[in-house]
Enquirer: 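Okay, here's the structure, questions in a sec.
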Amino acid sequence: METFFDNLFSVFFIETLLNGLLYGGVLALLSLGLNLIFGVIDVVWICYAELVMLGMYAVYFAHNVYGLPMLPACAVAILAVALLGYILHRVVIAHVLGKAPINQLLATGGVLFFLQSIATLIFGVEFLSVGVSLGSFQITEDIYVSKSQLVAFIIAAVTVLGMYLFLSRSYMGAAIRAISQDREIMILMGVDANRLYGITSAIGGGLAGLAACLLALQFDVHPFVGISFGPLVFMICVMGGLGNLVGGFIAAFVFAQLIATGSYFADLEWGAVLAFCVFVIAMFIRPEGLFARKS
Amino acid sequence: MNRQILMGLGAIALIAVPFIGVPPYWLHIMIVILIWSFAYTGWSVMGRFGLVSLGHGAFMGIGAYGTALLWNHAGMSPWLGIPIAMALAGLFALLVGYPCFKYRIVGHYFALVTLALSEIVRQVIVATRDHTGGSLGYTPEPHGGEGYSIVALQFPEKTHFYLIALGVWMVGLIIWRAVDRSMSRYALEAISEDEDASASVGVEVTKEKLKITVLSAVMTAFAGAMYCQYQMFVSPDTVSGIGISLQIVFAVVAGGIYTRFGPTVGAIITIVLAEVLRINIAELEGLFGFKPAGLDNTIYGIMLVLFIIFLPKGVLGSIQGRLFGRSA
Amino acid sequence: MTGQASSGAAPMLVLDDVTAGYGDFQALFGVSLDVKAGEAVAVIGPNGAGKSTLMRAISGMILLKGGTVVMEGQRLSEVAPHKIVEMGIAHVPENRRLFPRMSVEENLRVGSFAPPFRAKYADRLEFVYTLFPRMKERRNQLAGTMSGGEQQMCAIGRALMSDPKILLMDEPSAGLAPVIVQQVFELIRKIRADGLTVLIVEQNVQQVLKVVDRAYLLEAGTIRHSGLAADLLGSEDIRRAYIGV
Ligand SMILES: Nc1ncnc2c1ncn2[C@@H]1O[C@H](COP(=O)(O)OP(=O)(O)OP(=O)(O)O)[C@@H](O)[C@H]1O
Ligand SMILES: [Mg+2]
């Protein structure tokens with residue numbers, strides 16, 4: 001017990017919590033994109049994390065192979081994944097709209113297989129590192145925060161805020177929220193649903209691309225990197241209520257803390273296990289409102 | 001009547017397979033198909049009612065690892081270990097299923113929750129690497145003596161295992177039919193149509209769903225244990241995680257979710273496809289001088305997508321639909 | 001089919017031999033009708049007659065299987081369905097169909113989505129709020145939490161945001177208390193007085209025939225009868241079948 005409390009009050013634990021907070025920003029960004037797609041198109045992209053993985057490769061190739069500076073490299077990655085999101089919608093999703101959920105899940109599940117293995121085919125299975133180190137940042141005598149995490153957090157927070165403003169203030173944002181509530185009558189509002197879906201898919205892809213840039217600052221990329229955060233993002237979205245952007249945002253921070261704490265006391269995997277257990281328990285007690293139910 | 005004779009002849013033919021000099025490779029493929037068919041049938045008993053679980057990899061994993069761990073660490077015979085692992089899988093299904101069903105987590109939500117579930121089991125297997133070998137995989141310890149061991153349920157002879165797998169597969173079909181003819185079927189069909197309406201006419205929604213989920217989980221865990229006993233090796237990626245869960249669902253849908261032999265047809269299609277791809281890719285390796293790793297799965301992924309878009313009722317479902325004008 | 005009842009102005013909206021349905025199911029069998037500028041026309045008929053289908057066929061929610069819909073000389077089949085609203089046709093759908101988790105004002109805003117309407121947003125909002133002061137009071141309330149009458153006002157307001165030439169209304173009085181129903185018909189009078197053309201589907205036959213100029217009787221997907229509202233109101237058959245006197 002003594003060691004437990006020692007652990008609990010050590011500066012490293014505070015550092016862990018801080019890191020959890022910063023990681024939460026990236027998770028929030030990840031869940032935002034998935035949530036947006038689901039909210040609007042009513043299809044879950046099971047392959048969402050694999051789009052992020054390709055985005056990380058895009059950063060790597062633009063920056064490390066073709067020598068672009070980091071910022072343009074990130075812009076390339078964002079555009080590339082946005083395009084990929086659009087193509088995914090056009091080539092796959094458009095054909096399963098309105099079909100049974102199982103078929104939609106499997107179609108995007110097939111894309112998951114495809115993306116993973118084509119990445120293996122093209123890029124191999126090595127872990128590639130973008131290798132940009134921003135150093136770290138001293139808060140107190142003993143507490144350091146990595147600058148890349150801080151940058152990732154700030155960019156994620158700004159993006160989430162920007163998305164919020166876009167959705168609440170612009171005509172396009174209003175239409176995006178409206179179509180998620182009643183798609184059939186959008187035509188009466190002068191909205192071309194297919195075009196709106198395409199735009200939303202591109203935005204969702206762009207968010208995945210941005211998340212990829214932020215993750216590439218902190219993690220190596222390999223074809224299966226998606227698995228390491230994909231399920232987590234799904235849990236976050238369910239916990240926050242699929243399509244409920246605010247709920248997803250809060251859940252992202254809760255989960256990030258759980259993972260940070262779990263990995264502090266044991267392994268990283270246990271962090272994920274802890275998060276899942278809390279998730280199941282939360283489902284049992286069901287804090288009213290945490291789950292937006294689809295009617 | 002005719003149908004029964006046909007089935008009887010089919011059964012005799014299948015039993016005869018190992019005694020007519022079928023090459024070991026083909027026997028192996030058939031064993032794998034039978035085991036997976038049983039797992040897929042296990043998934044389909046709940047999947048056909050709209051309970052789309054993407055978490056069955058979790059139950060496979062529990063069955064496989066549970067049995068092997070109990071044997072290696074506690075020296076417990078699979079005769080005991082398998083039931084315990086199955087019970088564990090059932091318990092796990094209850095634990096996750098209860099809140100899901102009670103709070104009406106359905107459709108996409110249910111799929112995602114269960115997807116996370118299968119991934120968590122994989123993570124636990126990896127995290128407990130000191131006991132499970134982590135991502136490198138795990139081997140049940142050989143029973144020590146020569147040849148087969150009934151106590152250890154280890155049968156190096158393919159013929160023995162083939163006959164066991166065949167029996168298990170048939171039991172799976174019998175279970176499928178029992179579910180198909182049970183009262184629960186009507187309740188569950190009503191539930192999948194309209195939960196509120198069913199509840200209002202007295203269907204115990206949560207209970208019915210839990211019953212079928214536990215049955216399904218237990219069957220899948222058994223398949224996991226079988227797989228482990230046959231291969232004498234398991235790794236987290238071959239029995240658990242998203243990949244396996246998706247593969248299970250895909251195979252069932254490819255074969256036909258509403259027909260008894262659908263999951264079996266799905267197993268044949270997916271396993272033969274994967275084998276053909278694997279072998280041809282290996283030949284390409286000789287051609288190119290390097291190994292195009294991932295090419296088989298790339299093609300596999302594309303075929304999955306094409307299948308879902310163009311044959312959403314599955315092969316068997318579509319054929320039956322054509323032949324009998326039935327809309328499955 | 002023209003030349004009945006009121007004469008003078010050229011028809012604004014003309015339907016000729018329209019057939020439509022859902023998948024293999026056909027709901028309309030060669031429907032022809034017309035609405036002149038400034039007119040108010042009702043479509044009445046039993047449940048399942050195809051009244052809502054008719055409205056949906058006009059506003060582009062479903063595609064025609066045959067026949068034509070012409071708005072001010074322009075065939076609507078040549079216009080992309082989502083552009084029909086820009087032709088000046090606004091549709092208040094059956095059951096209101098508001099966006100329940102958006103505020104009143106956001107609902108109205110979506111009504112101005114099409115780029116040509118955006119410039120007029122402030123004016124139209126002002127107009128709707130003048131017509132329905134109640135909506136102004138409730139501007140920040142979630143649409144789904146309002147009473148049925150308020151929701152109907154909001155739905156009409158949303159359609160008016162596009163400054164339409166013709167307003168299609170599908171059973172605006174359905175499910176409302178008698179007092180509110182009175183208000184709805186009062187409102188229709190008011191809208192008409194502003195010069196807006198109206199095509200309305202109603203179950204409340206007696207009341208609607210008092211506010212419209214002409215009416216069509218639709219049964220089983222075909223027009224069975226049409227004429228001046230006053231004549232229909234006097235017709236023994238109509239009274240027996242639809243007014244229940
Ligand atoms: N979305 C749909 N899909 C299939 N059939 C439909 C659909 N909507 C309506 N129908 C069918 O089309 C026919 C006409 O329906 P419609 O809604 O136009 O009738 P209505 O006259 O508006 O009836 P009500 O007075 O009850 O509103 C009905 O037989 C109905 O069952
Ligand atoms: Mg109607």
Side-chain angles (χ1 to χ4, degrees), chain A residues 35-36 38-42 94 97-100 163-200 203 237 240-249 288-295, chain C residues 22-23 52 55-63 76 79-103 105-119 121 140 142-144 155 158-164 167-170:
Chain A
N35 247 333
L36 183 71
F38 178 78
V40 173
I41 307 175
D42 206 21
L97 281 179
K99 298 279 168 60
M163 264 321 278
Y164 177 78
L165 291 177
F166 167 71
L167 288 173
S168 59
R169 298 288 156 84
S170 72
Y171 281 99
M172 190 58 81
I176 282 178
R177 282 186 303 141
I179 201 172
S180 69
Q181 298 178 29
D182 191 334
R183 98 188 40 204
E184 214 189 353
I185 63 153
M186 290 313 284
I187 215 156
L188 303 180
M189 310 291 133
V191 175
D192 179 357
N194 280 330
R195 187 164 157 263
L196 198 60
Y197 284 170
I199 291 174
T200 309
I203 295 177
C237 290
L242 271 174
N244 177 345
L245 302 181
V246 179
F249 187 77
E288 205 55 55
L290 245 190
F291 297 101
R293 204 190 301 162
K294 259 195 71 191
S295 53
Chain C
Y22 305 89
S52 300
M55 302 296 249
R56 292 184 195 125
I58 298 171
S59 63
M61 282 177 82
I62 58 172
L63 295 176
L76 293 188
V79 178
H82 66 277
K83 296 272 186 196
I84 287 178
V85 63
E86 293 176 27
M87 308 277 305
I89 299 176
H91 179 173
V92 184
E94 193 170 26
N95 301 325
R96 317 185 238 289
R97 305 286 285 270
L98 292 175
F99 305 111
R101 281 167 280 129
M102 292 170 88
S103 70
E105 196 155 306
E106 286 174 321
N107 268 275
L108 297 177
R109 192 184 170 84
V110 178
S112 286
F113 174 85
F117 306 148
R118 291 181 193 178
Y121 172 69
N140 292 321
L142 292 188
R158 186 178 63 183
L160 291 175
M161 288 303 287
S162 64
D163 195 8
L167 186 65
L168 314 182
M169 284 192 270
D170 197 342

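Convention: sequence-line order gives letters A, B, ...; per-chain numbering from 1.
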Enquirer: Heavy-atom pairs under 4.5 Å with chain A: which of V85(C), V110(C), I84(C), I89(C) has the most?
Expert: V110(C)
Enquirer: Using 0.5 Å steps for rounding, measure from the CZ atom of R101(C) to the CG atom of D182(A).
Expert: 10.0 Å
Enquirer: Which distance, rounded to the nearest 0.5 Å, do you find between the CZ of R97(C) and the CD of E184(A)?
Expert: 4.5 Å
Enquirer: Would the number of heavy atoms belonging to other residues, nucleotides or ligands and lying under 6.0 Å from OH of Y121(C) be above 12?
Expert: yes
Enquirer: If you draw a 6.0 Å radius around NZ in K83(C), do more than 12 non-hydrogen atoms from other residues or ligands fall strictly inside?
Expert: no
Enquirer: Is the shortest side-chain heavy-atom distance between H82(C) and I187(A) below 4.5 Å?
Expert: yes
Enquirer: Measure from the side-chain N and O atoms of E106(C) to the backbone N and O of A174(A), and report whether any donor-acceptor pair falls under 3.5 Å.
Expert: no
Enquirer: Mind ranking A90(C), P100(C), S59(C), A159(C) by heavy-atom pairs under 4.5 Å with chain A and telling me who comes out on top?
Expert: P100(C)
Enquirer: How far does CE of M61(C) sit from CG of L188(A), to the nearest 0.5 angstrom?
Expert: 5.0 Å
Enquirer: Out of curiosity, M102(C) CE to S168(A) OG, how far, rounded to the nearest 0.5 Å?
Expert: 10.0 Å
Enquirer: Can you tell which part of R158(C) gets under 4.5 Å to a heavy atom of chain A, answering side chain, backbone, both or neither?
Expert: side chain
Enquirer: For M189(A) versus F99(C), what's the shortest heavy-atom pair and its separation?
Expert: CG-CZ, 4.3 Å
Enquirer: Can you see which heavy atom on M172(A) is nearest to which on F113(C), and at what distance?
Expert: CA-CE1, 4.1 Å
